[in-house]
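Order of appearance sets the numbers: ligands from 1, and atoms from 1 within every ligand. Just so you know, these numbers come straight off a predicted model, no measurement behind them.
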Amino acid sequence: MKAILLRFGELYLKGNNRYIFESMLISNIKEKLAGLEYKFEKTFGRYVISQYDNEKESEIVEKLKKVFGLYSISLAEQVDADEDAIKAYVATIKIKTDNFKVVVKRADKTFPISSMDFAKELGGIVLENNPNVSVELYHPETTVNVDIRLNKKAYVFDDIIKCQGGLPLGSAGKGLLLLSGGIDSPVAGYMIAKRGLKIEALHFHSYPYTSEEAKDKVLTLAKQLCEYVDEIKLHIVSFTKVQEAIHVHCRSEFMITIMRRIMMRIAQKICLRDQLGAIVTGESLGQVASQTMQSVTVTGAVVDSLPIFRPCLAMDKEEIMEIAKDINTYQTSILPYEDCCTVFLPKNPVIKPVLEKCEKEESFLDIDQLVSDALKTEEVVVLKRD
Ligand code: ATP
Ligand code: MG
């Protein structure tokens, strides 16, 4: 019978609370596979999915590849963990390459033959049935893996399909991603979700300076992230009044720094109101003036009761773009709509802002009022995976 063998990565590092992580992982797997028919089985160190419709196999695989906490999967043949049954199946294998090797693993140490001896014996059977191939122990083109598990079943497979790794979504709590229409912030959301943080998202628009299309683009990005995180509650807040006020009252070189500090204040308010435990941004050290060490310090200084996670901080743009392509957000991110940050953009932003000077510029604004007015414009859209 066909079966899919699932391996989880880092969970083995967990001690007593491992079962909490495991039950989250299992429920996330079931959530991804909702609507499909299959049997799910837990055996020590692995999960097994079987009795599914063969025509749905690639759909199941694609979905499993997007579950955080799964390390790899294999499409296997499940047979009874009995010498004769395994031999009978191995005798039917057709090797499609010039050489091969058999590897036997026994999670079940009561299995009567040692792994090495059994591998040799099975190798002989493969050779008998594939007269034109040879054994290659070091760099085999095909590896026939025989994995004998404690559930008294053996799994025979040749391919290991890499999955996301990371930790089960939700195991780290829930945070708020500042989602622009750019390349970096969707990647930041993906990366932190991969470490187990569920995300909601917050987008600032400056309508009518920014277009409806710019907002739609962010909805599309959030929807694309749902492939991994299943659902995103997107908070959309107008930043227009804030930007106009800064433009009128503050020196232009401080515009971006002050904007970002007000974004952070609004984000913090939403987090505290909605019980979100962290702010997540797509900032990358030194990428632009607003992301120097000093800028990040001054921006972060208004957030006093939450951590700010910046998963892209130490990454090059190239690396971020690679991930954006992998997770399928890149093509959307490069659509040429303006972001609110590009409206009223100063020619010479401060590169190394000093906190006291920013605070002095901000004293010309009624920040509390601007923040609460902005929050009154909040719309909420819940996006879900199709
Ligand atoms: P990105 O590619 O994510 O837009 P960026 O390189 O354009 O990043 P900035 O515009 O300086 O960088 O923004 C840095 C971070 O601030 C973004 O990654 C995002 O987390 C947040 N941010 C910027 N603009 C917005 C916005 N309009 N709404 C919500 N968050 C934003
Ligand atoms: Mg941006």
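- For F21 and F8, the ring centers sit 6.0 Å or farther from each other.
- Distances from atom 21 (C) of ligand 1 to the heavy atoms of H203, E283, R260, M263 show the closest one on R260.
- K63 has a carboxylate O that lies under 4.0 Å from a charged side-chain N of E59, or vice versa, which qualifies the two as a salt bridge.
- Between the side chains of N151 and E41, at least one donor-acceptor pair of N or O atoms lies under 3.5 Å.
- Close N/O approach between G282 and ligand 1 is found [any backbone or side-chain N/O within under 3.5 Å].
- Against a heavy-atom cut-off of under 4.0 Å, T281 is close to the following atoms of ligand 1: 20 (O).
- Between G181 and ligand 1, a contact under 3.5 Å exists for no N or O pair.
- Neither the backbone nor the side chain of L177 comes within 4.0 Å of ligand 1, counting heavy atoms alone.
- Here's the thing with P186: none of its N/O atoms is less than 3.5 angstrom from an N/O atom of ligand 1.
- The atoms of ligand 1 that sit less than 4.0 Å from any heavy atom of L202 are 29 (C).
- Put simply, the side chain of L179 reaches to within 4.5 Å of the side chain of P186, judged on heavy atoms.
- Annotation: K384, atom NZ; neighbour count of heavy atoms from other residues, nucleotides and ligands within 6.0 Å does not exceed 12.
- Taking the centre of each ring, F40 and Y52 stay at or above the 6.0 Å mark.
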